[in-house]
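See below for the structure under consideration.
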Amino acid sequence: MSELTDLYQEVILDHHRHPRNFKALPDADRQALGHNPLCGDQLIVFVKLAGDVIVDVAFQGQGCAISRASASMMTAAVKGLPRAQADALFEKFHQLVTGQKELGHPEIELGKLAAFGGVCEFPVRVKCASLPWHTLRAALESTAKPISTE
Ligand code: ZN
């Protein structure tokens, strides 16, 4: 099991060092600002929609390794998905990082996002990992006000 944990940490480190979709999206339809005051993470999530499908998504901002890696992996995971599927993925991810529910096979339900399973043991980090997802949801709902985890 520790080997698997190392692999997961490697995935998180890789996305931290080389974040995917780390850019502004000039033709975005929606965007939202997220802020986690506990850690100082701040990011903007950009979304381009075609009907109900997230055809492009990107982020900018600064934060800790967990928030940055989570934002990077979130954009990679939801690009191309219909909103309903992105929402469902967020629900599962949230359950994983908060440890609310034991997912039978998180790696099957969540793919690489299962790497964040260890986060539930560190309550402060849960907000770092979930901030990009909360911000994505806010962008999809076009909430004008900044999102805060507090
Ligand atoms: Zn953080």
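The basis for the numbers below is simple: all heavy atoms, side chains too, and nothing from hydrogens, waters or symmetry mates. Start at 1 and go down the list; that is how both ligands and their atoms are numbered.
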Mind checking what makes side-chain contact (heavy atoms from CB on, under 4.5 Å) contact with I44, not counting sequence neighbours? Q31, L33, F46

N/O donor-acceptor pair under 3.5 Å between R20 side chain and S72 backbone: no

Connecting only ILVMFWY residues whose side-chain heavy atoms lie within less than 4.5 Å of each other, what is the rest of I108's hydrophobic cluster? none

What's in the same ILVMFWY side-chain cluster as V55, cut-off under 4.5 Å, chained through other members? V53

Which protein N, O or S atoms lie under 2.8 Å from the Zn ion (ligand 1)? C39 SG, D41 OD1, D41 OD2, C64 SG, C128 SG

Side-chain contact test, heavy atoms from C-beta onward, threshold under 4.5 Å: evaluate it for V57 versus K48 and give yes or no. no

With under 30° as parallel and over 60° as perpendicular, where do the rings of F90 and W133 fit, or are they tilted in between? parallel

